[in-house]
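Everything on this sheet refers to the single structure shown next.
Below, read A as the first sequence line, B as the second, and so on, with proteins coming before strands; counting in each chain starts at 1. Fair warning: this is a prediction, and the values are worked out from it, not measured in the lab.
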Protein chains: 2
Amino acid sequence: MTFSSPDMPVRERCLREATRLFADRGVAGTSIQAVADAVGVRKPSVLYHFASKDVLRVAVIDAMLERWKEVIPRALADAAGGKPRFEAIMGAVLDFFEDAPHRARLLVRECLDQPDEMRDRLAHHLRPWMGLVTEAIALGQREGRVHEDLDPEAYLNEIVVLASSHYAMTTVSHAVAPDRSDHQRDRDWERRCRNELVRIAQTSLFRPRPRPA
Amino acid sequence: MTFSSPDMPVRERCLREATRLFADRGVAGTSIQAVADAVGVRKPSVLYHFASKDVLRVAVIDAMLERWKEVIPRALADAAGGKPRFEAIMGAVLDFFEDAPHRARLLVRECLDQPDEMRDRLAHHLRPWMGLVTEAIALGQREGRVHEDLDPEAYLNEIVVLASSHYAMTTVSHAVAPDRSDHQRDRDWERRCRNELVRIAQTSLFRPRPRPA
DNA sequence: CCTACCGATCGGTAGG
DNA sequence: CCTACCGATCGGTAGG
């Protein structure tokens, strides 16, 4: 029963709380009543704004996918601003999940619950800029900067899967951590995993420099 | 209503069908009635073998984690048989998910639904051989075969996350596929992604050979 | 392993 | 945005 700030329209508060609840317990594990409680209204009020639970589910996913449209221009702007393309795009993707960890959980959950629907939705949302990125990778291959046996589309797919799952399962990853005594160590472990994620993506993309000067 | 082979004990048929249903729709999205229907018995019969839904859930996860204990010796045997360690272990992990894709979905779902419980369970199941593998990686670093800036524990964590999520989300990954006209292309795309997954893990682990002959 | 049954909660509607 | 209410299904039990 965590109330959303009461000065926000009820419709948006429903979206916000439903996003959090769906991410944490899944759609099937979240009742409309639970959303109503979190918002601080009665159940039929939620159903006034969203005709059915499924309508609410679709609206929640839509809201998350819409955010991607802000991420892409930012990455392109960073790249235009002189920042290397890899770091701009990788940074944008990681920031997208990092400043709202439930986004990653929601995304992965929905991929499991509604694979066919998500396949089409992601194709629609990601296709345009996926094309740009794979082209950039292919250019890098022709210029000899990128591993020539790399498969651009497949590479991009695996890295997106890795990034989203990495953030969806941060809590669990502590199982592998060599020691976990206090919270400081937990933070440290998360930083190490994030660094390693970037290193893996980077090392498997770029060829080593031909000869260090 | 897909019946399990009726010559198998009911208890094991419950485990089998529950595993499939939990993987596809999640625990919250699967009723005991649905399990009973799939097995071909009445609901109270399921509850006779598993005192509650949660007991069934735990038994299903246990059965999956038990399989890991068969995977590790196989990988070690392959490695002892002269096969390079990386290929033996990577092959064992991929085979584990590949010959039963719902195992990956079940694992990822449970990591989202019960993160704290899964953290402890995985720690218990994975810790012993995780230690062996990270030691092998550290040895490779001292011998100059493995990237020296690699973080062994974090690397292993990310690769396990990538492998499980890769198989949990195969259906969705087709969103990124450049074209998907027929089933032959789908198979082809899956093969490309699997190859790329192995290439990413391999390239980000081993240093490039010092000088090709 | 079954029939019969329990209270609680589910998603959703009527009507204001 | 609320009260009042619907039938269906939920997890689980009694008793044989």
When rounded to the nearest 0.5 angstrom, what is the spacing between [atom1] in [X] and [atom2] in [Y]?
X: Leu112(B); Y: Asp24(A); atom1: CG; atom2: CG; answer: 10.0 Å
X: Phe50(B); Y: Arg11(B); atom1: CZ; atom2: CZ; answer: 4.0 Å
X: Arg105(A); Y: Arg20(A); atom1: CZ; atom2: CZ; answer: 10.0 Å
X: Asp78(A); Y: Arg85(A); atom1: CG; atom2: CZ; answer: 13.0 Å

_Sidechain N-carboxylate O distance under 4.0 Å for Arg13(B), Glu17(B)_ = no
_Is the ring pair Phe97(A)/Trp68(A) parallel, tilted or perpendicular, if the boundaries are 30 and 60 degrees?_
perpendicular
Which pairs of donor and acceptor atoms, one on a side chain in residues 190-198 of chain A, lie under 3.5 Å apart (sequence neighbours left out)?
from: Glu190(A); atom 1: OE2; to: His174(A); atom 2: NE2; distance (Å): 3.2
from: Arg191(A); atom 1: NH2; to: Asp188(A); atom 2: OD1; distance (Å): 2.7
from: Arg192(A); atom 1: NE; to: Asp151(B); atom 2: OD2; distance (Å): 2.6
from: Arg192(A); atom 1: NH2; to: Asp151(B); atom 2: OD1; distance (Å): 2.8
from: Arg192(A); atom 1: NH2; to: Asp151(B); atom 2: OD2; distance (Å): 3.4
from: Arg192(A); atom 1: NH2; to: Glu153(B); atom 2: OE1; distance (Å): 2.9
from: Arg194(A); atom 1: NH1; to: Glu98(A); atom 2: OE1; distance (Å): 2.5
from: Arg194(A); atom 1: NH1; to: Glu98(A); atom 2: OE2; distance (Å): 3.4
from: Glu196(A); atom 1: OE1; to: Arg199(A); atom 2: NE; distance (Å): 3.3
from: Glu196(A); atom 1: OE1; to: Asp151(B); atom 2: N; distance (Å): 3.1
from: Glu196(A); atom 1: OE2; to: Arg199(A); atom 2: NE; distance (Å): 3.1
from: Glu196(A); atom 1: OE2; to: Arg199(A); atom 2: NH2; distance (Å): 2.8

*asked:* Check for me whether Arg57(A) meets the cation-pi criterion with Phe22(A), that is, NZ or CZ under 6.0 Å from the six-membered ring centre and within 45 degrees of the ring axis.
replied: no
*Starting from the 5' end of DNA chain C, give me the residue, Pro44(A) or Gln33(A), whose nearest nucleotide shows up first.*
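Closer to the 5' end of DNA chain C: Gln33(A).
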*asked:* Considering every strand and a 4.0 Å limit on heavy-atom distances, what is the contact class for Leu47(A): base, sugar-phosphate, or nothing?
replied: base
_Members of residues 48-56 of chain B that approach DNA chain C, where some heavy atom sits under 4.0 Å away_ = Tyr48(B), His49(B)
*Could you list where the contact with chain A starts and ends along DNA chain D, reading 5' to 3', using a 4.0 Å heavy-atom cut-off?*
dC1(D) to dA4(D)
*Results of ring-ring contact (aromatic ring centres under 6.0 Å, His included) for Tyr48(A) - residues two or more places apart only*: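 In terms of ring-ring contact (aromatic ring centres under 6.0 Å, His included), with neighbours along the sequence ignored, Tyr48(A) is linked to no residue.
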*Want to know the stems of DNA chain D: at least 3 consecutive Watson-Crick or G-U pairs with distances under 3.5 Å, which are they?*
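For DNA chain D the paired stretches long enough to count as stems (3 pairs minimum) are C:1-16 with D:1-16.
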Show the atom names and distances, to 0.1 Å, of all donor-acceptor pairs under 3.5 Å that link a side chain in residues 159-166 of chain B to residues at least two apart or in another chain.
from: Ser164(B); atom 1: OG; to: Val160(B); atom 2: O; distance (Å): 2.9
from: Ser164(B); atom 1: OG; to: Val161(B); atom 2: O; distance (Å): 3.1
from: Ser165(B); atom 1: OG; to: Ser165(A); atom 2: OG; distance (Å): 2.8
from: Ser165(B); atom 1: OG; to: Val161(B); atom 2: O; distance (Å): 2.8
from: His166(B); atom 1: ND1; to: Glu158(A); atom 2: OE1; distance (Å): 2.9
from: His166(B); atom 1: ND1; to: Glu158(A); atom 2: OE2; distance (Å): 2.8

